[in-house]
Amino acid sequence: MGVPLLGAAVALSRRWPLAALAVPVALSLTLDVQMFTPLYWTALVLFGYLAGQRMATARPALWFFAAVAVVGLPLCALVLRDLWGWPTQLLTLLLTVALPWLLGRYRRQYAELVGTGWRLADRLEREQQAVADRARIRERARIAGDMHDSLGHDLTLIAVRAGALELDPKLDARQQAAVGELREAAGAATERLREIIGVLRADDEQPPRVPLTENAEALVERARNSGVTITLERLGDTDDLSPMVGLAVHRVLQEALTNAAKHAPGTAVRVRLVRDGAILGLSVVNDPATVAPLPGVASGGSGLVGLDERVRLAGGTLRAGPTSEGGFEVVAELPVTDGATPRAATATRPTASARELAHARRQVRRRLVQTIVVPLAVLAGILLLMIPISFVSSSFSVLERDRYEQLTVGDARSEVQPRLPTFTKDGPPDDAPPTPTGEDCVYYNTRTASAAAYRLCFAHERLASKAIVGGS
C-alpha cells in the first residue's frame, strides 16, 4: 500500500505539500509507533523539505508537528505499553521531518531574498532613470527661468530706452515711428518669451547652485545706461555669499529694477545692499510714478511670486508693496550662508527599497538562526522530558512481589496479563542474561528506579519462564 500512497503524495506535494507530508508520516506510524522505520525515512526527509520550501506560512506545519507529537504519547502508552517509545518518536520526528522542513523554509526565505534583490534592482534602475529624467526636466526649467529673468530684464530695458527715445523732439516723424516699432517689437518679444518660458517652469524647480558672474554694480550700471536714475548704497562685503544666496540677491535686484522700469518709468530708484553680521539686507525703492507705464511693455505678474520662492529656498524672507509716499519697495533679508539645510538632512533617510531589502535580510538571518537553534532547543526539551518519563515509567512498571510469586509457569498469557502492571520496563537491565531462544520476554521493575527486574518469558502464548535478572 505504501507505493501507491507515496505516488499520490507526489501528485499532491506541489499544491498541498502538508497533506503530502502527512502520507509518509501516517505510513511510518502504521509500521512503528516510534516511527523507527528506515523504509520511510527517505520519504519523510524529502516531503518534509518540500513542505518547508513550498508552504507560504509556517503555522499549519507547526500545528501538524504538535498534533503528531501529542498523539504519539497515547499511542506509545496503549500500543507499546512503554512510555520510552515517545522520546524515540519525538527524536525521529525531529530529525527526519522537522529539521528538513526548517531547511526547506530557509531555502524558501533565501530564494525570496534573491527575488527581492532582483525586484529592488529593477525598481532602483527605474527610479534612477526617473530621477535622471526629473533632473533633466528641472535643469531645463531652471535654464528657462534664468533665460526669462535675464532676457526679460534686457528686453524691458530696451523697450524703456526705445520709449524714451520715441519722445525725443530731435527725431523726425519717420525716425520716431521706427523707434516706436522697435519698442513694440521689444515688448512683444518680452510677452512671447514670458509665455514660452512659463510653460517650461516646473513646480519643484530649484535655483541653480552657481550664481551669475554679474555683480550688483554691473547690474545697476547697465540699468543706468538704459536711462533709469539709480543710486546704490552698499555696506559690507558680499564676496563670500553662498551660491544660492548670491543668486537670490542677483534675481531680486534684477526683478526689482525691471519692475521699476516697467511701471514707473523716469522715476528715481534707490538700491541699498547692507550686510549686518550673518544677515544680508537688500531694498529697492522707487519714487511714485509720474507718468503711465509705457505701452507695449508686458508684465506677467508672476515675477514677485517666483522671487518669494527663490528667497525662501535660500532661507530668507521677501516683502514687496507700496510705500507710504506712493512709491514701491522690494525688501529681502537673507542669511549669508545657505539656509536650505533640511533638504540635505532628509536625503539621508532610508528609502522604501532599502527598508524592504533590510527587512528581507533580517528575515533570512532569523530563519537561519531558527534552523540551527530550534532543533537544538527541541532536542534539549526531549532530553528534559525523559526525566519525568523515566520516573512515571518506573513507577507504573513495578510488579509487586506477591503477584510475582503467584505466577506459575504454564499459565496462559491471557490469565497472566491482567495481573501485570500497565507499563513494562524500558528494556532489560544491562547485566541481564540473553533472552531464551524462541521466547518473548517482558521486564518489570522490582521497585521504583531499581536496577533489578522481573523477567517473564512467553512461548506459544503461555508463561515459559520467570526470573529476577540484573542488579548483579
Taking Val336's backbone N and O only, do any of them form a donor-acceptor pair with Arg275's side chain (distance below 3.5 Å, no angle check)?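 Side chain of Arg275 to backbone of Val336, a donor-acceptor pair under 3.5 Å: no, none is there.
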So does Thr408 get a backbone contact from the side chain of Asp411, meaning a donor-acceptor N/O pair under 3.5 Å?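 Yes; judged by distance alone, with no hydrogens or angles, the pair exists.
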In Å, rounded to the nearest 0.5 Å, how long is the span from [atom1] of [X] to [atom2] of [Y]?
X	Y	atom1	atom2	result
Lys262	Leu257	NZ	CG	12.0 Å
Leu50	Arg14	CG	CZ	8.5 Å
Leu219	Thr258	CG	OG1	7.5 Å
Thr57	Leu18	OG1	CG	9.5 Å
Leu94	Leu102	CG	CG	8.5 Å
Met55	Trp16	CE	CH2	14.0 Å

Minimum heavy-atom separation for [X] and [Y], please, with both atom names.
X	Y	result
Ala9	Ala20	O-CB, 3.2 Å
Leu90	Ala69	CD2-CB, 3.5 Å
Leu21	Gly48	CD1-N, 3.6 Å
Thr37	Leu31	CG2-CB, 3.7 Å
Arg108	Gln53	NH1-O, 3.0 Å
Pro335	Gly315	CD-O, 3.4 Å

4.5 Å side-chain heavy-atom contact, [X] and [Y]:
X	Y	result
Glu329	Ser283	no
Val398	Thr446	no
Arg455	Val442	no
Phe64	Val68	yes

Glu405 and Arg401: salt bridge (charged side-chain N to carboxylate O under 4.0 Å, His left out), yes or no, with the steps? CA-CA 6 Å; Glu405 296 293 346; Arg401 178 75 179 187; 3.2 Å; yes
Gln254 and Arg251: side-chain donor and acceptor closer than 3.5 Å?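 Result is yes, a qualifying pair exists.
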Taking atom types as modelled, find out whether Thr424 and Ser397 have a side-chain donor-acceptor pair closer than 3.5 angstrom.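 Thr424 vs Ser397: no donor-acceptor pair found between side chains.
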Is it the case that the ring center of Tyr404 lies less than 6.0 angstrom away from the ring center of Tyr454?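 Yes, ring centres under 6.0 Å apart.
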Is the distance from the ring center of Trp41 to that of Phe36 below 6.0 Å?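 Close enough - the centres of the two rings lie under 6.0 Å apart.
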Audit row: Tyr443, Val469, side chain to side chain contact (heavy atoms under 4.5 Å, CB included) steps and yes/no: CA-CA 9 Å; Tyr443 298 84; Val469 296; 4.0 Å; yes
I want to check a possible cation-pi pair here: Arg413 against Phe458, using under 6.0 Å from ring centre and within 45° of the ring axis as the test.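 Ring-cation test returns yes.
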Flag yes if more than 12 heavy atoms outside Glu333 fall under 6.0 Å of its CD atom; otherwise flag no.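 Counting neighbours around CD of Glu333, 12 or fewer heavy atoms of other residues, nucleotides or ligands fall under 6.0 Å, so no.
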State plainly whether the residues Arg419 and Asp402 are in salt-bridge range, i.e. N to O under 4.0 Å.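 Looking at Asp402 together with Arg419, the answer is no, because their closest N to O distance does not fall below 4.0 Å.
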